Each structure stands twice: as C-alpha cells, then as structure tokens.
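Everything on this sheet refers to the single structure shown next.
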Amino acid sequence: MLNLHNSLSRTVEPVAPLNHSGPLTFYTCGPTVYDVAHIGNFRSFLNADLLRRTLEFFGHEVIHVMNMTDVGHMTEDSSADGGGQDKMEVAAVRLKEAKKSGSLPEGVEVDANDPYAIADYFADRFLQDAKALGLRVVFDADEFPERMPRPTNFIPQMIAFIQRLIDDNHAYVAADGVVYFDTQSFPDYGQLSGNTLDTIRSGEGGRVDAQTQQVKKHPADFMLWKPDSQHLMRWDSPWGEGYPGWHIECSTMAIELLGEEIDIHSGGEDNIFPHHECEIAQSRCFTGRDSFARHWFHTRFLMIEGAKMSKSAGTCYVLEDLLARGATPAAVRLELLRTHYRSNANFTFQGLKDAQRMIERWKRMEAWLARHADVERVGPGPVESALGAFSEAIGNDLNVAGAIAALNGALAGIPIEAEAPPPAPDGSAGSGTWGDDLAALGKMNAVLGVLDLEHEPVRAAGGMDEAAIEAKLVARAEAKANRDFAAADAIRDELIAAGIVIKDGADGTTWTRSVG
RNA sequence: GGCCGUGUACCCAAGUGGCUUAAGGGGACGGAUUGCAAAUCCGUUAUCCGCGGGUUCGAAUCCCGCCGCGGCCUCCA
C-alpha cells in the first residue's frame, strides 16, 4: 500500500485506482524537445518513474503516459499570450550553429529548417538518455507509441476541445482574435496553487503585458489558440491558422489517452502554477466532473553543489556531461533519486561517487547471491527479512533513503567477501536458499532500478585510451617485479592524475575510471 | 507583498509525539590486508536536530514568531 503526498489536498493519502479492478492511470508532464534535457529535468522524470515502479511493486497495473512537447512555444514572459520568440526557431538557430562549429555528434544529420526534424532530433536524444537512466515509460513506448504522445499528433482533438469550451461559455474569442479560457467561469481556480483569481487580480503588476490584458476578461485568462500566420508550426482552425496554447496539450492528451478522470498527474514544482492549475480548469470544464487528476505529484528542484542550476555557471549538466566525467548511468539515476522528491535535492560530484560505490557493493551482493542461489541457508535470509522494512519505507510517501537503508542493512548479513557461504547448521536446512534472497533483491531493484543499468563508465575519462593504460600497467608491473617501487608509484600517480584508479588484486591489476 | 515547500553531524540524507541518550551512505580517524597505496573487511565519529517562545508527563517531530534556502505569482522539471 502506497501512501503519497497529494499537492492538491496537501496531505498524505493512500493511492488506489479510481476503477478498483482496473489499472492506475498516470500522466507525467514530459520534456520539451527544443533542447537536450538536463539532469534537473531528469530528476523530475526519474521520480515519476520511481512512483510508477513503486505502484507496480505494490501490485498495481499502471498505464503511464508521458508526453513530449514538440509544438514551438514562446520564450518571453509575455508569451503566454503569444509574444516573444518561437522556441523552435531558437532551437533551429542553435542547431545551425552547432553544425557550423562541428559540435554536433558524428553522423547526425538534421535539417535545421524543418521544425519537425528538430523536434525528432531532440526527441531521439531524450529517448536515448531516458533509456540509459531506466525510465520504464520509454521502454513501454517501444510497444505502445501512444504512451509517449506528441501534441502535433493531437491538433484536431485540441480544436474540438477548445470548440466545446467555447460552446459551453468557458472560453471566448477576444478582440485580438485569440481564444482565451474564461477563468471566472471556473470557481475552483486556484485550488491547487493557492493563486485564486482575487490574488492574481490584486497581484497583477509588471509581469503581464498591458496590451493583452486589455482584451481579456480577467488577467488570469490564458490562451487556448493563437492565430498566427508567422508561427513556425501552424494549423488550420475555426479561429484562423495558428497554434494551440501550452496548457491545452496536456489536458487533451491525458483525457484522450487515459480518460476523463485520471488517478495521478505529475510534473516539476514549477508546473504547479500556471500549467497544472490551468489544466485542471480546462479539463474539469470540458468533462463537467468535479475532479481531473485525483492525485497530484510534484518534484522539487535540483540544486547543483548547493547553488541553483545556472547556464552561465555551466551547471546545467546533461547526462552526457556526467558520463564524460566517468559517471555511470546507474550512479546518476541513484544520485538524482535518493533525495526525497519533496525536498530540494543537492547534486554533488561527491554524491555521485557515493552513489557509484553503493551500487558497486550491491552488484557484488547480487553476484554473490547468484553464485550461491541453490545453496540452502537458515531462513528467512537477510534480504528477504529486509523486504518488510523496504516496503514500509517506500510505501511511506516514497522514502527512498529509508528503503536504501533497509537494503544496506541486509548487506551486512551476507558474507559477500567469502568464497563459500557458511554451511547451514544440521537440522536447520530447508528453510530457504540464497536464491530466495536474490529474488528479494530483485524486487527491491525493480523499484530502485539501478542494478540492470549500465554501471561501468562508458566514456573515456582524462583522454587516455585503453592501450595507453595497459602499456602503463605493464611498465608498472615490470618496475614492481624489479622492486623499483619509486618508478611503479610514479606510474600509478600518473594514472591517478589522468582519472584512472588501479586495483592490485590476486589475479593481477585492474583499473577503473574515476568520477569527477 | 501573496501562495507553496524546506532547514538534522565535515558532506549527502532518514526520522510522521514515548521503541531515538537521532537510521543509512560518504568522508575523516584507528585496526586487518598491502612493498607503499587503492579496493575490501572490522571499529570510532551529533547528549543533539536554523533561532526564540509555547502546548504536553514527554517534541527533531504539534503550535506561534523570527531568520535562511528553494519554487511559483503567466518561459521553465
């Protein structure tokens, strides 16, 4: 049983499907595909993935949908009403520059004049990264493409959605030709964010474009359709050639794919207002129901080394940046996931190393259990016994740190350094095998999702290739054989400086790349 | 200014009124191991939970005030 904090009620509530026998429906506000997703974006998607895996851990079937926003939206503050620059155009310029400077990956061909090609390019990059980090919904989408819908495939549905809102007097065409949602027609506006119509009215200062404010009935009214013959992506509509508003996409796709009332809706904390507030308004006016998503799940922001993510400070890391520094996808996943989703997380390179070490230890445990899976032991074994604490922690509003502690506690009970497991005392055999513990570990990992990810560094660190490293190691072995330890240590120091850590074992020397 | 979240050791981070004289991981320190290291294993490492009041037999946990950090208040995960 999962108890989960609900941003709408601001309390922790049990999660159960609306339709008791049916699956849970879960919609996640996914990435925009004008740029590569950074690790802050991924923290939010990973927490949605963790939630989904936890629901499955507790025996629910989950239909998880995560969109990829490919309609070019606007860059400026006033842009909710249609101003600013088209983000897809910005992306095009950026791509053209990357092409010119040769910073585009080898073999990539993108027609920067085609917005759909740009969207495809960044969508592919996203899918790649998301798979490396183990987002289940992305694997689902291989079989069911509709699990990762793109708004450009839902334009007719959006138009029908908007038309119905107009027909029911929840939307209107203003003097500027733009279709706006009439927030005053929805008394519950502000329930999610606390930004009620009164507070918005009184707080209207500076940030709203005076000209568009004049044509709207209320400053909080937001755009549903904007006629614009200049916009890069545009479609015919009853209100002229143009493009849909930002919020209408998610409402339309969620209702189309999951039904008029869904169980869980997730996103980053910045989505609470205006995006999710507006989604609720539109959707409930469309369906006439008193609920759209029953449970709202919001992940707080990620900080980098104690500070805000910043482009100018170069801390808007993308997965590739971390891999290039020797991190493994598994460690990145764990580092981004192990801070509770309702706290600001602090990403550090030290933390990344911590995560890496923890996973390496789990991998050794897994290998040991697999080796001795058929061996009987006095049961229940350590991992089996920890499953209760693990389940209680993760079921308690996704207490990942507590769940990890349960797993680490089990680790102490397994002699992973021993060649052979301790023999079961006479007469006590038959209560289980180490394979049962392996199965329990599998259940835990189905939630954490790190053991089956790539856990070896995948990119060269420090610019030294394998042949060079091997050559150094041979030289060092020779020096050691001659008892010339000064020379051997000099080689070791050189490798460490290049980001290579060496390990002298019984079977010779092995090496790994270090993180950071 | 309004709304929302948050503040625990050197760092990351659990703790949801008594089982807590505060989990887990990292680091540091000591020991085993090692030519010396690294890795690994064992042990030690907060009488105290941003600050000040209050409620209670009892508070890190509840309430009030203050301070700090983060988000939103029509770009944003």
Side-chain angles (χ1 to χ4, degrees), chain A residues 3 5 7 10 12 28-32 37-48 73-81 84-85 87 190 192-196 198-200 202-205 207-209 212-213 219-223 246-247 266-275 277-278 298-303 306-309 335 338-340 342-348 350-355 357-358 360-361 364 389 393 396-397 399-409 411 415-417 480 483 485-486 488-489 492-493 496 501-505 509-512:
Chain A
N3 289 298
H5 184 266
S7 318
R10 298 183 182 96
V12 175
T28 295
C29 280
T32 51
H38 55 65
I39 57 174
N41 301 125
F42 272 112
R43 162 147 133 109
S44 163
F45 306 140
L46 281 167
N47 272 107
H73 291 288
M74 300 294 138
T75 56
E76 289 179 8
D77 275 357
S78 55
S79 66
D81 304 322
Q85 215 181 343
K87 281 185 178 171
L192 177 69
S193 64
N195 293 325
T196 57
D198 284 352
T199 62
I200 289 172
S202 61
E204 61 180 303
R207 299 205 57 159
V208 279
D209 173 35
T212 41
Q213 285 317 321
D221 290 355
F222 53 92
M223 171 200 136
W246 171 37
H247 314 304
S266 80
E269 66 171 314
D270 56 331
N271 279 157
I272 295 172
F273 190 88
H275 187 49
E277 194 71 74
C278 294
H298 292 106
T299 301
R300 296 284 155 184
F301 267 36
L302 181 73
M303 315 275 288
K308 285 190 222 189
M309 275 188 125
E335 171 66 1
R338 65 180 172 151
T339 303
H340 189 80
R342 248 168 347 108
S343 302
N344 284 119
N346 187 18
F347 174 91
T348 61
Q350 182 60 52
L352 199 55
K353 285 184 200 172
D354 293 358
R357 278 181 84 138
M358 214 170 342
E360 278 162 17
R361 185 141 29 124
R364 272 187 283 132
N396 181 11
D397 198 22
N399 181 358
V400 200
I404 289 172
L407 174 52
N408 283 327
L411 197 56
I416 58 174
E417 295 309 311
K480 276 178 69 177
R483 302 195 67 78
F485 295 120
D489 291 353
R492 183 172 61 202
D493 290 345
I496 288 171
V501 179
I502 63 176
K503 199 191 285 189
D504 291 336
T509 302
T510 57
W511 57 273
T512 51

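We name chains A, B, ... by the order of the sequence lines, and we start the count at 1 in each one. What you are looking at is a predicted structure, and each value in this text was computed from that prediction instead of being measured.
- Residue Arg43(A) is classed as having no contact, given no heavy-atom separation below 4.0 Å to the nucleic acid.
- In this structure, Phe273(A) reaches the sugar-phosphate backbone alone: every heavy-atom distance under 4.0 Å involves primed, P, OP1 or OP2 atoms, never a base.
- Rounded to whole Å, the distance from NZ on Lys503(A) to C1' on rU34(B) is 14 Å.
- Asp397(A) comes within 4.0 angstrom of no nucleic acid atom, judged by non-hydrogen atoms across all strands.
- Nucleotide rG5(B) holds its P atom 7 Å from the CZ atom of Arg300(A), rounded to whole Å.
- A donor-acceptor contact shorter than 3.5 Å links the side chain of Asn399(A) to the backbone of Gly402(A).
- A salt bridge links Asp489(A) with Arg492(A): at least one charged nitrogen is closer than 4.0 Å to a carboxylate oxygen.
- For rC72(B), the paired nucleotide is rG2(B), the pair qualifying as Watson-Crick or G-U wobble because both relevant distances are below 3.5 Å.
- Separating the CG atom of Leu411(A) from the P atom of rU40(B) is a distance of 11 Å, rounded to the nearest angstrom.
- In this model, the phosphate group of rC4(B) is not approached by any side-chain N or O of Ser193(A) to a distance below 4.0 Å at OP1 or OP2.
- Judged by distance alone, the side chain of His38(A) and the main-chain N or O of Asn41(A) form a donor-acceptor pair under 3.5 Å.
- Of the listed nucleotides (rG24(B), rC12(B), rC73(B)), rC73(B) has the atom at the smallest distance from the side chain of Pro274(A).
- Side-chain proximity of Arg10(A) to rC4(B), rC41(B), rC12(B): nearest is rC4(B).
- Residue contacts shown for Ala37(A) are absent, as no nucleic acid heavy atom lies under 4.0 Å away.
- Residue Asn47(A) is out of contact with every strand shown, counting any heavy-atom pair closer than 4.0 Å.
- Looking at Glu269(A), its side chain does come within 3.5 Å of a backbone N or O of Phe301(A) through a donor-acceptor pair.
- When distances are taken from the side chain of Met358(A) to each of rG2(B), rG25(B), rA14(B), the shortest belongs to rG25(B).
- Regarding contacts with the backbone of rC4(B), every side-chain N or O of Arg342(A) stays at 4.0 angstrom or more from both OP1 and OP2.
- Side-chain atoms of Arg338(A) come within 3.5 Å of backbone N or O of Gly351(A) as a donor-acceptor pair.
- With hydrogens and angles disregarded, no donor-acceptor distance shorter than 3.5 Å links the side chain of Glu335(A) to the backbone of Ala355(A).
- Between the side chain of Asp504(A) and the base of rU34(B) there is no donor-acceptor pair of N/O atoms closer than 3.5 Å.
- Atom P of nucleotide rG27(B) and atom CD of Gln350(A) are separated by 7 Å, given to the nearest angstrom.
- Thr299(A) comes within contact range of no nucleotide atom at all, as no heavy-atom separation falls under 4.0 Å.
- The side chain of Trp511(A) places no N or O atom within less than 4.0 Å of a non-bridging phosphate oxygen (OP1 or OP2) of rA39(B).
- Base-pair partner of rG18(B): rC57(B) (Watson-Crick or G-U wobble, both distances under 3.5 Å).
- Residue Ala405(A) has its side chain nearest to rA23(B) when only rC12(B), rC41(B), rA23(B) are considered.
- Along RNA chain B, the nucleotide nearest to Thr339(A) and the one nearest to Gly306(A) differ in position, and the one closer to the 5' end is contacted by Thr339(A).
- Taking atom C1' on both rU47(B) and rU21(B), the two are 6 Å apart, rounded to the nearest angstrom.
- The side chain of Asn346(A) contributes an N or O atom lying less than 4.0 Å from OP1 or OP2 of rC12(B).
- Here the nucleotide nearest the side chain of Asn344(A), chosen from rG5(B), rU40(B), rG26(B), is rG5(B).
- Using a 4.0 Å heavy-atom cutoff across all strands shown, Lys308(A) reaches sugar-phosphate atoms only and no base atom.
- Atom CD in Glu277(A) sits roughly 15 Å away from atom C1' in rG71(B) (whole-Å rounding).
- With hydrogens and angles left out, the side chain of Asn408(A) and the base of rG24(B) share no donor-acceptor pair within 3.5 Å.
- Taking 4.0 angstrom as the limit, Asn271(A) places none of its side-chain polar atoms (N or O) nearer than this to OP1 or OP2 of rC76(B).
- rG7(B) is paired with rC67(B) under the Watson-Crick or G-U wobble criterion, all donor-acceptor distances under 3.5 Å.
- The partner of rG43(B) is rC29(B), by the rule that a Watson-Crick or G-U pair needs both atom distances under 3.5 Å.
- Checked by atom type and distance alone, the side chain of Ser193(A) pairs as donor or acceptor with a backbone atom of Asn195(A) at under 3.5 Å.
- Closest contact between the side chain of Arg364(A) and the listed nucleotides rA14(B), rG5(B), rU40(B) involves rU40(B).
- On a pure distance criterion of 3.5 Å, a polar donor-acceptor pair joins the side chain of Arg492(A) and the base of rA37(B).
- Gly40(A) comes within 4.0 angstrom of a nucleotide base, judged by non-hydrogen atoms across all strands.
- We find that CD of Glu360(A) is positioned 10 Å from P of rA39(B), with the value rounded to whole Å.
- Across the protein-nucleic acid pair, Phe301(A) atom CZ and rG5(B) atom P stand 16 Å apart, rounded to whole Å.
- Heavy atoms of His275(A) sit nowhere under 4.0 angstrom from any nucleic acid atom.
- Each of Arg338(A) and Asn41(A) was assigned the nucleotide of RNA chain B with the nearest heavy atom; the assignment lying further toward the 5' end belongs to Arg338(A).
- Among the nucleotides rA23(B), rC4(B), rG35(B), the one closest to any side-chain atom of Phe485(A) is rG35(B).
- Within 4.0 Å (heavy atoms only), Leu407(A) reaches no atom of the nucleic acid at all.
- If you check rA23(B), rG35(B), rC72(B) against the side chain of Ala488(A), the one that comes closest is rG35(B).
- For rG35(B), the base has a donor-acceptor partner in the side chain of Asp489(A) [N/O atoms by modelled type, under 3.5 angstrom].
- Taking atom CD of Glu269(A) as the reference point, atom C1' of rG5(B) lies 7 Å away to the nearest angstrom.
- Side-chain atoms of Arg357(A) lie closest to rG27(B) of the nucleotides rU16(B), rG27(B), rC73(B).
- For rA13(B), there is no paired base (Watson-Crick or G-U wobble, both distances below 3.5 Å).
- A distance-only check finds a donor-acceptor pair linking the side chain of Arg43(A) to the backbone of Arg300(A) [under 3.5 Å].
- In this structure, Asn3(A) contributes its side chain and Asp397(A) its backbone to no donor-acceptor pair below 3.5 Å.
- Nucleic acid contact class of Ser7(A) (heavy atoms, under 4.0 Å, all strands): none.
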